[in-house]
Amino acid sequence: MQRVEKLELPTSFPVGPVHVFIVFGEKLTLIDTGLNLDQAWKDLNDGLHTLDVRLEDLDQIVLTHHHNDHAGMLHRILEVQPSIDVYTHENTKIYLQDKEFSKWSGEYFDKLFYEFGLPKKIIDSFTFRKKNRRTIDGITFHDILHEGATVPGMQGWQVIETKGHSMDHISLYCPEDELFLCGDHIIQDMHAGIFLDAPLQGEPRPKMLIEYIRDLEKCKKLPAKLTYSSHGPEFTNLPKVIDEELRNIDHRIVRTVEALKKLGGKGTGFEIIQEMYQKRLNKAIVSFMFEIFSVLQLLEVKNRVVVEKVNGVYQYRLVE
Ligand SMILES: [Zn+2]
């Protein structure tokens, strides 16, 4: 049986604490690093201490994806262990290190927000705009984690690509013990959320919800006795938890269509999310925009809506 230990680290995000994992294989592997907070750094060190491990003992790090609550303390660990091996999906390196991509991503989102119909005043207020994102330099990434790959020193584990939450998200599965480390792909009783990523330059815009549903269906087939998420409790009933997530997605699709009907069958993305979320909208406008933009992409693929661009802004029209 593989020994896997979980440490809970604080974040400043609504999702609550994040888990990092230590896998005791031929190599001592840390899965994810936590958000860069002094308390998280202390808890990581203390947590390792209770396991009789020090940061210096770690052989390697695997990142499930590039989000700050997962990769945020990477540079701090590298200060202790400058030559530690870091294994990631091939896109992670670009998101974390490529300054050109970071700039392009900022421009891409400015344009997408405009196309979605968000007022300029709102767009300008987003602190999230990635063009100012700090990149991490000086790390050599082994960007080999694609579907079916194995991580050196983690015998018995295989990589499962789980896109949708981000475009570089991977999970780890151990068939022999039926253990599944699913990162942010599936979180029990909580919607993991679609976070749009800019496509790599020259590549088509990803359809994140479609990828997400496909990868949920794929994971549903995995025999898993125990699934560890990066947030929330571990669980034993993977197919049931996935079915709940799929039902929530269906519900969101139905609500989007209803909102369009209320708008007389057509509207901009902004009008749709205003109709759907009303007063709640301003609390998490970017998250709602990401969710519903990806729902509208799916509806377009299914020929339920047609999209036209009027003065640079998408108009979504319901097909009766
Ligand atoms: Zn997370």
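First listed ligand is number 1; within each ligand, the first listed atom is number 1.
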#### Entry: For Lys218, all residues meeting salt bridge (charged side-chain N to carboxylate O under 4.0 Å, His left out), sequence neighbours excluded
Glu147, Asp215
### Message
Aromatic contact between Tyr228 and Phe21, with the criterion being ring centroids under 6.0 Å apart: yes or no?
### Response
yes
### Message
Please give me the protein atoms (N, O or S only) lying under 2.8 Å from the Zn ion (ligand 1), ordered by chain and number.
### Response
Asp69 OD2, His70 NE2, Asp184 OD2, His231 NE2
### Task
Name the orientation class of the two ring planes belonging to Tyr95 and His66 (parallel below 30°, tilted from 30 to 60°, perpendicular beyond 60°).
tilted
### Query
Which is it for Glu291 and His191 under the side-chain hydrogen bond (donor to acceptor under 3.5 Å, both in side chains) test, yes or no, and what are the steps along the way?
CA-CA 11 Å; Glu291 295 290 347; His191 173 52; 2.8 Å; yes
### All side chain to side chain donor-acceptor pair (under 3.5 Å) counterparts of Asn311, not counting sequence neighbours
none
### Task
Report the hydrophobic cluster partners of Val319, with the cluster defined as I, L, V, M, F, W, Y residues connected by side-chain heavy atoms closer than 4.5 angstrom, directly or transitively.
Val306
